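Have a look at the structure below, then the notes.
Counting starts at 1 for both ligands and their atoms, in listed order. Only this structure's heavy atoms are used, side chains among them; waters, hydrogens and symmetry mates stay out. What you are looking at is a predicted structure, and each value in this text was computed from that prediction instead of being measured. Throughout, numbering of the chain's residues begins at 1 and tracks the sequence.
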Amino acid sequence: MTDKIPLLIDTDPGVDDALALLMAFNDPNHELVGLTIAAGNVGLDHTVRNALKLCEVAGREDVPVYAGCADPLLHPAVDAAHVHGRDGFGDIGFEPASRSVEAEHAALAILRLSHRHAGKLLLVALGPLTNIAVALKLDPTLPQRIARFVVMGGAVSAHGNITAAAEFNIAFDPEAAHIVFQGFPHIDLADWEAVIAHGFLHGRAEQWLQADSPRARFYDRISLQTRNWSADRRGDHWHSADALAMAYALQPQGAQELLDRPVAVELAGTLTRGATVVDWNRQEGRPDNATLLMRYDQARFESLIQAALAAG
Ligand code: BDR
Ligand code: CA
C-alpha cells in the first residue's frame, strides 16, 4: 500500500512535455500510473514514439503508455513541428525504444485508471484535450472520480501563442477543450501567459543540462533546436509551458497567486476560435470552473527542473 498520490498524464511529447515528464518521474510524492498520448505538437505516431523513448532513457519502462486519438474531434489542425522538430524531439535521429505501446486506447485507460484510483487521481493534461473529451463523452461521471485536474492551456487575457488570441493546446482542438471545460466542474489552469511570466535564462538551463545524467544528456540533444528557435524569437528567456504546469501539479504549495473565474472556450470566432474567454467580472452568471495560476515561486520551479535533469 502506498500513500503516494496516483498521477496520470495526458501528453503530446514535445520538448516541453518531456521536461514535465522528467519532473514527474523524479517526484517522490506521486506514483505515475500511466501516460496517455495525444496528437498535437506532432502526429500521434511520433508523440507515442517519443513517450516510449523518454521512459526508456529515464529507466521508467514500468510506466504504461497508451495511444489516444490521432486527430482533433472535428477539424484538422496544424501541428507545432516548427517549434519541436518534425519528430517532436528535435530531429536528433534517436533509435526507437524497444518497448511497444499498450493495446488499450488512451480514453479507455483514463476511465479505467479513474476507477482504480477513484477519489485520489491527479490528472494532468499537457496537450490538446481530445483524449479527455472522448473519455468524458464515454462516461460523463469521470470528473467525480478525479481528485484534481491540472491543464496546461489557454491564454487568460487572449495573448495567444498560435493565433493572436489562442494558445496551441486549446486551438488545436477547440471542440475537445469546450467539452472538457464544460464537463469538469473544476480545472486548475496553467495558461500560456503564466508561462511567459515564468521564463528562465538560457544560460541557466545550459548549466542544468551539463548534469552528468543520461536524462540531461538526452534532454540537451532533443531541446537544442527549440532552444535556438526560442532564443531567436523570444530573447534571453526560455519558456517551458508544460514544465510550469507540472510544477503547479506536483507542488501546488508553490503557487503565489491564484484566481477563481468562469472560463469558456470560443468555438465560432473568425479571429478568436480556440480562445479561452475568462469572465473576469463574473458578468454572465456562470460558476467559477477554473483556478488560474497567476504567479508561481520561480526558485521552486527552477529547482524542480534542475533536480529532474540531474536525476539518475
Ligand atoms: C503548449 O503547446 C505545446 O506546443 C506545448 O507542448 C505546450 O503544451 C504551449 O502552448
Ligand atoms: Ca504539450
Side-chain angles (χ1 to χ4, degrees), residues 8-24 35-44 46-51 54 65 67-69 72 77-91 106 123-132 149-174 176-177 180 187-200 219 222-223 225-227 229-230 233-234 237-249 265 273-276 292-293 301 305:
L8 176 61
I9 305 173
D10 191 80
T11 173
D12 63 332
V15 173
D16 61 332
D17 298 77
L19 189 52
L21 294 179
L22 293 179
M23 292 162 72
L35 301 178
T36 55
I37 308 300
N41 283 322
V42 288
L44 187 70
H46 281 303
T47 54
V48 168
R49 185 174 179 268
N50 294 347
L54 193 75
V65 175
C69 303
V78 177
D79 68 20
H82 62 291
V83 181
H84 299 264
R86 285 185 306 280
D87 72 354
F89 263 9
D91 297 323
L123 177 61
V124 178
L126 303 177
L129 293 164
T130 319
N131 295 333
I132 296 172
F149 182 27
V150 177
V151 171
M152 191 284 128
V156 296
S157 59
H159 289 63
N161 62 0
I162 193 74
T163 66
E167 179 277 335
F168 178 81
N169 286 341
I170 307 298
F172 188 88
D173 194 347
V180 169
I187 292 173
D188 281 344
L189 193 67
D191 85 312
W192 177 251
E193 293 170 47
V195 171
I196 287 294
H198 296 85
F200 38 84
Y219 200 74
I222 66 168
S223 64
Q225 187 172 318
T226 191
R227 284 186 282 127
W229 178 88
S230 175
R233 296 239 332 189
R234 300 203 181 108
H237 287 83
W238 186 30
H239 304 93
S240 186
D242 295 334
L244 181 66
M246 189 56 74
Y248 178 38
V265 176
R273 180 171 150 76
T276 41
L292 315 178
L293 176 66
F301 175 39
I305 296 174

_NE2/H82: more than 12 non-hydrogen atoms of other groups inside 6.0 Å_ = yes

*Could you tell me whether L126 approaches ligand 1 through its side chain, its backbone, both or neither, with non-hydrogen atoms closer than 4.0 Å?*
backbone

*Just heavy atoms, cut-off under 4.0 Å: does N161 contact ligand 1 by side chain, backbone, both, or neither?*
side chain

Atom pair [atom1]/[atom2] of [X] and [Y] - distance to nearest 0.5 Å:
X	Y	atom1	atom2	answer
L54	L35	CG	CG	8.5 Å
T36	L126	OG1	CG	9.5 Å
T276	E193	OG1	CD	7.5 Å
R273	I170	CZ	CD1	12.0 Å
Y219	L22	OH	CG	7.5 Å

*asked:* Yes or no: does D16 have any heavy atom under 4.0 Å from an atom of ligand 1?
replied: yes

Short list, please: which atoms of ligand 1 are under 4.0 Å from a heavy atom of [X]?
X	answer
M152	1 (C), 7 (C), 8 (O), 9 (C)
N169	1 (C), 2 (O), 3 (C), 7 (C), 8 (O)
D17	6 (O)
E167	1 (C), 2 (O), 9 (C), 10 (O)

*ligand 1 to D12 polar contact by distance, N or O atoms, under 3.5 Å*: no

*asked:* Below the 3.5 angstrom mark, is there an N/O of W192, backbone or side chain, next to an N/O of ligand 1?
replied: no

*Do R234 and S230 have a side chain donor and acceptor closer than 3.5 Å?*
no

*State which residue, out of T11, D242, D17, fulfils the side-chain hydrogen bond (donor to acceptor under 3.5 Å, both in side chains) condition with N41.*
D17

*Quick one: nearest non-hydrogen protein atom to atom 8 (O) of ligand 1, plus distance?*
D242 OD1, 2.6 Å

*Nearest non-hydrogen protein atom, atom 4 (O) of ligand 1*: N41 OD1, 2.5 Å

*Among V124, L19, D16, find the one that has a side-chain contact (heavy atoms from CB on, under 4.5 Å) with M246.*
V124

_Where V78 and F168 come nearest, the two heavy atoms and their spacing_ = O-CE1, 3.6 Å

_So, at under 3.0 Å, which protein N, O or S atoms would a careful student list around the Ca ion (ligand 2)?_
D12 OD1, D17 OD1, D17 OD2, L126 O, D242 OD2

*Taking the six-membered ring for Trp, are W238 and F200 parallel (under 30°), tilted (30 to 60°) or perpendicular (over 60°)?*
perpendicular

